[in-house]
Protein chains: 2
Amino acid sequence: MLSKKTKYGIKALTYLAKQENRIPVQISTISKSESISQKFLESILLTLRKSGMLGSKKGKSGGYYLLKDPNNIVMVEVMRVLEGPIALVPCVSLNFYEKCHDCPDEKACSVHNLMLEVRDSMLKVLNDKTLADFI
Amino acid sequence: MLSKKTKYGIKALTYLAKQENRIPVQISTISKSESISQKFLESILLTLRKSGMLGSKKGKSGGYYLLKDPNNIVMVEVMRVLEGPIALVPCVSLNFYEKCHDCPDEKACSVHNLMLEVRDSMLKVLNDKTLADFI
DNA sequence: TTAATCCCTATCGGAATAGTAGATTTAATT
DNA sequence: AATTAAATCTACTATTCCGATAGGGATTAA
């Protein structure tokens with residue numbers, strides 16, 4: 001299941017991408033428009049800022065705005081930043097690999113092989129989709 | 001992330017599919033071979049029996065065995081029985097559909113549209129793979 | 001100076017996960 | 001018939017994670 005964090009994050013990014021210009025939008029504005037708990041959204045936007053997708057402006061009439069062009073915000077990156085690994089098991093993860101301690105031979109493991117294919121099929125979609133596709 | 005329940009379930013099914021004949025295998029045997037907590041495995045095998053994939057025999061020299069041919073045990077069904085919905089959000093689930101209460105228009109929702117494609121790509125793999133592929 | 005806004009840390013309740021314990025039922029073997 | 005080994009069923013527990021909340025602190029435009 002997708003966490004609400006990721007769900008809200010994608011919605012917020014879409015909202016920002018739909019803005020005509022790149023002037024800062026307040027958290028409260030997005031929170032109301034997308035009916036997201038404001039405090040929760042706050043922490044999500046902070047994460048996205050740290051990852052380099054968003055910029056922010058402090059103080060009065062501050063807010064968040066896209067740093068990159070929507071074409072260059074690939075959904076796989078959004079997922080990795082907010083949700084974590086794409087793979088459903090650590091032993092097939094590209095960016096968060098971890099060996100199964102109970103698995104003597106990955107090549108012979110049915111779970112490993114199945115999830116490898118699932119991962120690849122997901123990546124095919126997520127590597128292709130960008131924020132621009134949702135404007 | 002895939003739950004251990006599903007992971008163990010797939011491993012146990014694979015183990016049973018690899019047996020030459022269809023005589024019952026004890027839980028303890030599978031549990032040792034695959035290093036799975038026996039009691040936990042117990043409840044998993046019970047679930048798989050109720051779903052019709054496994055048969056069981058009680059009493060001495062009892063155990064679990066495959067009911068169907070490995071070719072007819074499709075991984076998408078295993079996943080649905082043990083893990084639940086394939087879709088990452090309920091609003092794109094085929095078997096467990098639920099409307100998002102915060103989403104006025106699914107067609108216009110970026111999360112919905114993205115996850116729709118992810119689901120389809122996953123289904124393409126899971127509908128195709130059967131237990132027989134892992135023997 | 002003030003008010004609005006981002007930034008940061010801490011906490012909390014509830015749900016889900018993974019596993020445990022023990023009693024019961026069933027069936028093969030002696 | 002008694003014994004034994006196995007699945008079955010119910011209930012419980014510990015831990016972790018998620019979503020949300022609370023309360024300031026820092027920053028900046030007006």
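Predicted, not measured: the structure shown is a model, and the values here were computed from it. Only this structure's heavy atoms are used, side chains among them; waters, hydrogens and symmetry mates stay out. A note on names: the letters A, B, ... follow the listed sequences, proteins ahead of strands, and every chain is numbered from 1.
Between D:dA20, C:dG19, D:dA7, one nucleotide has an atom nearer to the side chain of A:Lys4 than all others, and that is D:dA20. For A:Lys58, whose side chain is taken as the heavy atoms from C-beta onward, the closest listed nucleotide among D:dT28, D:dG19, C:dG22 is D:dT28. If you check D:dT21, C:dA21, C:dA18 against the side chain of B:Phe40, the one that comes closest is C:dA18. Distances were taken from every side-chain heavy atom of A:Ile27 (C-beta onward) to each of C:dC7, D:dC9, C:dC6; the shortest belongs to C:dC6.
For the pair A:Lys50 and C:dC8, the criterion of a side-chain N or O lying under 4.0 Å from OP1 or OP2 is met. Considering only side-chain N and O atoms, A:Ser56 lies nowhere under 4.0 angstrom from the phosphate OP1 or OP2 of C:dT5. Taking 4.0 angstrom as the limit, A:Ser37 places a side-chain polar atom (N or O) nearer than this to OP1 or OP2 of D:dT21. Residue B:Lys57 places at least one side-chain N or O closer than 4.0 Å to OP1 or OP2 of C:dA28. Remark: A:Tyr8 is in phosphate contact with D:dA20, judged by side-chain N or O atoms under 4.0 Å from OP1 or OP2. In terms of phosphate contacts, A:Tyr64 brings a side-chain nitrogen or oxygen within less than 4.0 Å of OP1 or OP2 of C:dC7.
In this entry the distance linking CD1 of A:Ile44 with P of D:dT21 reads 12 Å, nearest Å. Protein atom NZ of B:Lys7 is 10 Å distant from nucleotide atom P of C:dA18, rounded to whole Å. Here the P atom of nucleotide D:dA6 and the CZ atom of B:Arg49 are 18 Å apart, to the nearest Å. In this structure, A:Asp102 places its CG atom 15 Å from C1' of C:dG19, rounding to the nearest Å. Residue A:Leu41 contributes atom CG, which lies 12 Å from atom P of D:dT21 at whole-angstrom precision. Rounding to whole angstrom units, CE of residue B:Met1 and P of C:dA16 are separated by 19 Å. Look at CG on A:Leu45: it is 13 Å from P on C:dC8, rounded to the nearest Å. Distance, B:Glu42 CD to D:dC12 P: 18 Å, rounded to whole Å.
Within the 4.5 Å cutoff, no side-chain heavy atoms of B:Leu67 are placed close to those of B:Leu54.
Side-chain N/O atoms of B:Ser3 and B:Thr6 include a donor and acceptor closer than 3.5 Å.
A donor N or O paired with an acceptor N or O is found under 3.5 Å between the base of D:dG23 and the side-chain atoms of A:Lys39. You won't find any donor-acceptor pair under 3.5 Å spanning the side chain of B:Lys5 and the base of C:dG19, going by distance alone.
A donor-acceptor pair is defined here as one N or O able to donate and one able to accept, closer than 3.5 Å; no such pair exists between the side chain of B:Ser93 and the backbone of B:Pro90.
Comment: B:Lys129 engages A:Glu117 in a salt bridge, judged by a side-chain N to carboxylate O separation of less than 4.0 angstrom. Between A:Lys11 and B:Asp102 there is a salt bridge, with a side-chain nitrogen of the basic residue lying less than 4.0 Å from a carboxylate oxygen of the acidic one.
B:Lys60 comes within 4.0 angstrom of a base, heavy atoms only.
Partner of B:Leu13 under the side-chain contact (heavy atoms from CB on, under 4.5 Å) criterion, out of B:Leu66, B:Ile44, B:Leu82: B:Leu66 alone.
The 5' end of DNA chain D is approached more closely, in terms of each residue's nearest nucleotide, by B:Gly62 than by the other of A:Ser3 and B:Gly62.
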